Amino acid sequence: MPRPKTKRRYQSPELHALPAGPLERPPAAARRTSVLSTLAGHDVRELVARFGSPLCVVDETRLRDAYRRMDAAFRARWPDTHIGCSVKTNYLSAVVAVLRSEGAWGEVVSGFEYRLCRDLGIPGNEILFNGPYKTDEDLELAFREGAKVHIDSDDELERVIALSRSFETPREIGLRCSIQLNYPPWDKFGFGLETGHALEAARAIAREPKLRLAGLHAHVGTYLPDPGTYARSIESLIGFALRLERELDLRIGHLDVGGGYATRNTLHHTMLPGEALAASAEDYAEAITAPLRKAARQFRSPPRLFLEPGRFLVDEAVSMITTVRAVKRGSGQQKAALVDCGVHILPTAFWYDHEIRPVEDRGGALESYRMVGPLCMQIDCVRQNLVLPSLRSGDLLVIQDVGAYNFSQSMQFIYMRPTYVMAHAAGVDVIRERESDAYVREPERLPAHLVSDETRHSLLVRGR
Ligand SMILES: Cc1ncc(COP(=O)(O)O)c(C=O)c1O
């Protein structure tokens, strides 16, 4: 088709200043990071004098508050809600014990975590057992104690079917469903809902005399700031559950929407700070429970709702105190501040721009620093770029919101793990001792032909 002729002449674009508002750059004084000199009411300098640096501090009150807020937000909208705290997110016993004292169930993905929950008094029937691989021994114990086991694969289902032959009475099991709501796909776990794999598995379970399919589980990703993702996840689970109740004459007693609720931490390379993206407990609760309330009457009886928050409960309750040990010239304009907290105890530095605040501001000029750790590796970088009042060796800094995945994914590398304390109104308790050389070397053994006079008295040949 011939293009209509137009007589309009080209006009060059004009630039207009944006009106003052949220995009306006704040004045320099407002960009000065405010100091943080106390944690849970305790003076940071005194904490370091008592327990050393680096020091990891769990604020018990904040931990309880995070749990209570989430619990209240969901129960107000769907009273039969239970929170299973994701143990792998932070398996310090004191942390799990605090959450348990608030009423949390345990969500575990290994025998180690299962036993940890049992040791802390969580009965088996208040444990949600997930994960792509559970050993035969772990499965047997979990079924014996009435845990909610979510099956992850055909091979695991086969093993459970074999195990079920020894059950005296039928046992309930759950199915982990894989729902594709994200990119890249979160598809390592469970049975595809869209592909029909989950329906095949449900039919296979229905044929088994000693198994009852009683629950559906989905965990569609981690750090998901959009509550809409959860609305879509639970809608899929509801649709599938109703189909199973109808077609296979089942009663689906629980739906579990997993974890992933984001915190105010900021991912690398994002435009907006995490604080601006983060949804509230109430936002998540409304997104998840509204579809449930709508569908409630279609179920044989309204299902129990399980959540498995990890980072949402623990991230913001934990801080790491670190000391500047050297200030170095970098290769360009930016200086490097070498701190005593490295990525071995702060692996989340690989994906978050953690908030780092000075304990004291002497009023010096603002400077741009690369915060590097003490490890003898170039990749040991805690923050690529941070503007702080000028630093010098000995200054204390607080790295905020480090409760999720840092302890459980930490490693002893070059330096030992530091002391972990829990701070509360009545004082401060050590919840994990600083590691010693002996702790690291104790499991080692020196083969006899390597034992010489020089080694005879070493720790390695102790007890021979
Ligand atoms: C099955 C399951 N539930 C809960 C969680 C906790 O996730 P988050 O810490 O993002 O809340 C995870 C973590 O990946 C998980 O795999």
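One-based numbering, in listed order, for ligands and for the atoms of each. For this chain, numbers begin at 1 and follow the sequence in order. Here the structure is a predicted model, which is why all the values come from computation and not from measurement.
- Residue contact annotation: F189 has no non-hydrogen atom under 4.0 Å from ligand 1.
- Contact annotation: G260 has at least one heavy atom less than 4.0 Å from an atom of ligand 1.
- With ring centers used as reference points, W351 lies 6.0 Å or more from H268.
- Relative to the ring axis of F51, R432 does not place its NZ or CZ within 45° and under 6.0 Å from the centre.
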Go through it in stages, so that I can follow the logic: the residues are E145 and Y114, the test is side-chain hydrogen bond (donor to acceptor under 3.5 Å, both in side chains), and I'd like the CA-CA distance, side-chain angles, deciding distance and then a yes or no. CA-CA 11 Å; E145 298 191 335; Y114 187 95; 2.7 Å; yes
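- A distance of 8.0 Å separates NZ of K148 from NE2 of H150, quoted to the nearest 0.5 Å.
- Ligand-side atoms of ligand 1 in range of G310: 8 (P), 9 (O), 11 (O), range being under 4.0 angstrom from any heavy atom.
- Here R176 has side-chain heavy atoms under 4.0 Å from ligand 1, and that is the only part of it that gets that close.
- In the vicinity of E107, heavy-atom distances shorter than 4.0 Å reach the ligand 1 atoms 1 (C), 2 (C), 3 (N), 4 (C).
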H197 and D154: side-chain hydrogen bond (donor to acceptor under 3.5 Å, both in side chains), yes or no, with the steps? CA-CA 9 Å; H197 192 186; D154 286 317; 2.9 Å; yes
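- For the pair I321/L39, a side-chain contact is recorded, criterion being any heavy-atom separation below 4.5 Å from C-beta on.
- Annotation: R311 places an N or O atom under 3.5 Å from an N or O atom of ligand 1; distance criterion only.
- The closest protein non-hydrogen atom to atom 4 (C) of ligand 1 is E308 O, 3.2 Å.
- Of the protein's heavy atoms, H219 CE1, 3.4 Å lies nearest to atom 5 (C) of ligand 1.
- Nearest to atom 9 (O) of ligand 1 among the protein's heavy atoms is Y405 OH, 2.6 Å.
- Neither the backbone nor the side chain of F312 comes within 4.0 Å of ligand 1, counting heavy atoms alone.
- Residue S86 approaches ligand 1 through these ligand atoms, each under 4.0 Å from one of its heavy atoms: 5 (C), 6 (C).
- For the ligand labelled ligand 1, residue H150 lies outside the 4.0 Å heavy-atom shell.
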Determine, stepwise, if the pair E156 / K134 fulfils salt bridge (Lys or Arg N to Asp or Glu O under 4.0 Å). CA-CA 8 Å; E156 190 168 77; K134 311 167 191 78; 2.7 Å; yes
Step-by-step side-chain hydrogen bond (donor to acceptor under 3.5 Å, both in side chains) determination, S368 to N385: CA-CA 6 Å; S368 163; N385 186 12; 2.9 Å; yes
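- Each of the atoms 2 (C), 5 (C), 12 (C), 13 (C), 14 (O), 15 (C), 16 (O) of ligand 1 lies under 4.0 Å from some heavy atom of K88.
- Each of R212, R243, R203, R300 was compared with D249 under the salt bridge (Lys or Arg N to Asp or Glu O under 4.0 Å) criterion, and only R300 meets it.
- From the protein, the heavy atom lying nearest to atom 10 (O) of ligand 1 is T222 OG1, 2.4 Å.
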